[in-house]
Amino acid sequence: MLKTIGAHIKEYTKASIATPVFMILEVIMETIIPLLMASIVNDGVEKGDTRHIYVTGAWMVAAALFSLFCGCMGAKYGAKASMGLGKNLRKAMFAQIQTYSFANIDKFSTAGLVTRLTTDVTNIQNAYQMILRMAMRAPSTIICAMVMSFFVSPRLASIYLAAVIFLGTALVVIATFAMRYFGRAFEKYDELNESVQENVSAIRVVKAYVREEHEKNRFRNASRNIYHVFTKAESLVVLNAPLMTFTVYACILLVSWFGAHMVVGSTLEIGDLMLLLTYCMNILMNLMILSMIFVMISMSVASAKRICEVLNEESTLHNPAQPLYDVADGSICFDHVSFRYSSSSKKPVLDDISLSIKSGETIGIIGGTGSSKTSLVSLVSRLYDADSGLVTVGGHDVREYDMDSLRNQVAVVLQQNVLFSGTILDNLRWGDASASAEECRHACQLACADEFISTFPDGYQTHIEQGGTNVSGGQKQRLCIARALLKKPKILILDDSTSAVDTATDAKIRRAFREEIPGTTKLIIAQRISSVCDSDRIIVMEDGKVSGFDTHENLLKNNEIYRDVYESQTQGGGDFDEGGVS
C-alpha cells in the first residue's frame with residue numbers, strides 16, 4: 001500500500017523533503033526562544049543588566065522571525081506536496097479506470113469509484129500534509145523540549161516523562177479503537193453517493209412515480225448510517241480532550257509545587273522554572289497534536305486501501321505481445337463460443353454459439369428479454385472475452401488485435417446511449433474528431449437527425465445538456481446513430497437503437513444503411529420484426545442459444561418461435577416478449 005501511494009510522490013520529492021526540514025528548523029527556534037527568555041530573567045532582570053536584556057531580546061526577535069519564516073515555507077511546500085499527491089492519485093485512478101474492461105467496471109460501483117476519486121483522495125492529501133508538517137514538528141518539539149528539560153532539571157523533567165508515557169499510551173488505545181469505525185464509514189459514503197447519483201440521474205422517473213418520499217427516506221437512512229459510524233468514532237476521539245486537560249494541569253501543578261520548593265531552596269532559578277513550564281505546555285500540546293495525527297492517519301489508511309484497490313486492479317483484457325492493427329473486413333465468425341459474466345455462475349450466458357457472417361451483410365438479431373442478444377454482440381468488439389470457443393473478425397481472433405484498433409472498426413449504438421455536455425457537433429465528432437461540418441450533416445441526414453436539428457435556433461451549435469436531457473429519446477438515438485456512422489466502421493451494431501423512433505423513420509434509417517454503407521456489416525438487435533425482416537439473415541436467440549439463423553422467409557417456414565412472434569406482431573401488434581413466447 002505504501003509503495004503504491006508513494007509512487008505518486010516522486011514528482012514532489014523536493015517539496016516533501018523541504019517541508020520537514022523547515023518544520024525542524026522552526027522547532028529548533030521555538031526551543032531556543034524559552035532559553036533566551038530564561039536568560040533575560042536570570043541574567044538580566046534579577047541582576048539589573050539592561051544591556052543583556054536588549055541584546056538577548058534582539059536575539060529572541062530574530063529567532064521568532066526565523067521561526068515564522070520556516071513555518072511559512074513549511075506550509076507552502078507541505079501544501080504543494082500534498083495537493084500534488086492528491087492530483088497525481090486522481091489522475092492515476094482515472095487513467096486506470098479507462099483501462100478497465102467491463103468485467104472490472106462491474107466489480108466497482110459507480111458511486112464507489114466517485115467516493116474514491118473525491119473523499120478518499122482528499123483524506124490522503126490531508127493526511128500527507130499533516131505527516132509532512134505536524135508529524136515532523138510534534139515529535140521534534142517533544143524530543144527537543146524533553147532534552148532541554150532534563151538538561152535544566154532532571155527531577156522536574158521526570159514528571160513530563162511520566163505524563164508523556166501515560167498520555168501516549170491512552171491516545172494509542174483510543175486511536176486503535178477509532179480506526180475500526182473509520183474503516184466502516186467510507187463504505188457508508190458509497191451508499192450515500194449511490195443514493196444521490198441514482199436520484200439525480202433518474203429524477204424524471206422518481207417524479208413520474210411520485211417516489212420523492214421513498215428517495216428521501218433512502219437518503220436519510222444512508223446519511224444516518226454515516227452519522228452513527230462517525231458518532232461512535234468521535235465519541236472515542238473526544239476522550240483526547242479531557243485526558244489532555246487532566247494531564248496538562250496535573251503537570252503544571254506538580255511542576256509549580258516542586259519547582260517553587262526548589263526556588264525557595266535555591267536549587268532552581270525563577271527563569272528556569274518559567275522555562276520548564278513553557279516546555280511543559282510545548283510537550284503536552286504537541287502530544288495532543290500527535291493524537292490528532294493518529295486519528296487522521298487511521299482515516300487515511302482506510303482511504304488508502306480503497307484507492308490501492310483501484311490502482312492495483314488489473315484489467316481482465318490485455319493486448320497481445322504483437323497485436324494486429326488492421327481489420328481486413330467486417331466478416332464475423334463464432335466458433336463454439338460460450339460465455340459467463342462471472343466464473344461463479346453455474347449457467348453460461350451464451351452456450352455453444354456457432355455462426356458465420358459475411359462482410360457487408362445485414363444481420364437481424366431478435367429474441368426475448370434475457371436471451372443474451374447484447375452479450376452476443378459485446379464479444380465482437382471484445383468488451384468481454386469468451387470463456388471458450390473462438391470469436392473472429394476479419395478472419396482473425398479478436399484477441400489478436402490491438403483493442404483500440406478493433407473498437408475503432410466496430411461502432412455500437414445502444415438503446416440508452418449517452419450524449420455529453422457540449423454542442424451537437426461536439427457530440428457527433430466523438431465518432432471522428434476531424435469530421436467536417438458537412439460530413440456531420442451528411443451523417444445526420446442518414447440517421448434522420450438533420451430534420452429536427454434544423455428546427456433548433458442554433459442548429460448544429462445547439463448545446464446539449466449533460467446526459468442529453470434537453471432532447472427526446474428518439475432524437476438522442478438518431479444523434480448516436482449519426483455519431484457511429486461518422487466512424488466509418490467495418491461493423492455497425494445497433495442494439496435496439498431505434499426503439500424510440502417511429503416505424504417510418506426506422507425504415508428510412510435502414511434504407512440509408514443499405515444504400516450508403518453497403519460494405520459495412522450491420523448487426524441490428526430489435527424487438528420489432530419489422531426492423532429486421534428485410535435483413536439478409538436473422539438470428540433468433542433463445543435462452544443464450546441460437547434457435548434459428550436464416551432469411552425472414554425461411555424462418556417463417558422452419559422456426560416456430562419466429563413464426564409465432566411474427567404472427568402476434570402483425571395481427572395484434574405485440575413485441576417479442578408477448579404472444580405466448582417463453
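None of these values were measured; they are calculated from a predicted model. Any value given below was found using the heavy atoms of this structure, including those in side chains, with hydrogens, waters and symmetry copies removed.
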Would you mind checking if [Y] and [X] are paired as a salt bridge, meaning a charged N to carboxylate O distance below 4.0 Å?
X	Y	result
Arg528	Asp506	yes
Asp534	Arg510	yes
Lys545	Asp543	no
Arg478	Glu451	yes
Arg116	Glu309	yes
Lys358	Glu361	no
Arg429	Asp432	no
Glu516	Arg511	no

key: Test log, rule side-chain contact (heavy atoms from CB on, under 4.5 Å), inputs Val546 and Ile539   = CA-CA 7 Å; Val546 175; Ile539 300 171; 4.1 Å; yes

Using 0.5 Å steps for rounding, measure from the [atom1] atom of [X] to the [atom2] atom of [Y].
X	Y	atom1	atom2	value
Leu479	Ile453	CG	CD1	5.0 Å
Thr520	Leu485	OG1	CG	8.5 Å
Glu553	Cys533	CD	SG	8.5 Å
Ile424	Thr462	CD1	OG1	4.5 Å
Ile332	Ile491	CD1	CD1	3.5 Å
Thr392	Ile357	OG1	CD1	10.0 Å

task = Keeping to residues at least two apart or across chains, list the ring pair (Phe, Tyr, Trp, His ring centres under 6.0 Å) pairs with something in residues 369-394.
result =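 Found Phe102-Tyr384, Phe339-Tyr384, Tyr341-Tyr384.
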
Measure the shortest side-chain to side-chain distance between [X] and [Y] over non-hydrogen atoms and say whether it is less than 4.5 angstrom.
X	Y	result
Leu555	Tyr566	no
Ser356	Phe334	no
Ile124	Ser303	yes
Asp496	Gln527	yes
Arg399	Asp385	yes
Tyr401	Val327	yes
Leu390	Val337	no
Ser375	Leu350	yes

[X] to [Y] - nearest heavy-atom pair and separation:
X	Y	value
His552	Ile529	CE1-CG2, 4.4 Å
Val398	Arg382	O-CD, 3.8 Å
His8	Ala92	CE1-CB, 3.3 Å
Thr122	Arg90	OG1-NH2, 3.4 Å
Phe452	Thr455	O-OG1, 2.5 Å
Ala435	Cys440	CB-SG, 4.0 Å

Derivation and outcome, side-chain contact (heavy atoms from CB on, under 4.5 Å), residues Cys480 and Leu419 = CA-CA 8 Å; Cys480 291; Leu419 295 176; 3.9 Å; yes

[X] side-chain N/O to [Y] backbone N/O, donor-acceptor pair under 3.5 Å:
X	Y	result
Lys87	Ser82	no
Ser359	Gly330	yes
Ser315	Thr99	yes
Asp426	Thr423	yes
Glu313	Val310	no
Asp495	Val412	no
Asp402	Ser405	yes
Lys373	Gly368	yes
Asn427	Ile464	no
Arg537	Asp550	no

Counting only heavy atoms not in [X], do more than 12 fall under 6.0 Å of its [atom1]?
X	atom1	result
Phe420	CZ	yes
Asn312	CG	yes
Lys80	NZ	no

If we ignore angles and hydrogens, is there a donor and acceptor under 3.5 Å between the side chains of [X] and [Y]?
X	Y	answer
Tyr562	Lys557	no
Asn126	Ser300	no
Tyr460	Asp450	yes
Asn554	Thr551	yes

message = Checking side chain to side chain contact (heavy atoms under 4.5 Å, CB included) between Ile525 and each of Leu376, Val532, Val377, Ile366, which is the one that passes?
response =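 When side chain to side chain contact (heavy atoms under 4.5 Å, CB included) is applied between Ile525 and each of Leu376, Val532, Val377, Ile366, only Val377 qualifies.
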
task = Begin from the C-alpha positions of Cys333 and Val391 and carry the test side-chain contact (heavy atoms from CB on, under 4.5 Å) through to its verdict.
result = CA-CA 6 Å; Cys333 181; Val391 180; over 6 Å; no

inquiry  = Run Thr316 and Tyr100 through side chain to side chain donor-acceptor pair (under 3.5 Å) and show every step you take.
reply    = CA-CA 7 Å; Thr316 58; Tyr100 283 177; over 6 Å; no

request  = Test Ile538 against Ile363 for side-chain contact (heavy atoms from CB on, under 4.5 Å), laying out the working first.
outcome  = CA-CA 5 Å; Ile538 301 168; Ile363 303 297; over 6 Å; no

task = State which residues pass side chain to side chain donor-acceptor pair (under 3.5 Å) with Asp352; sequence neighbours excluded, sorted by chain then number.
result = His336

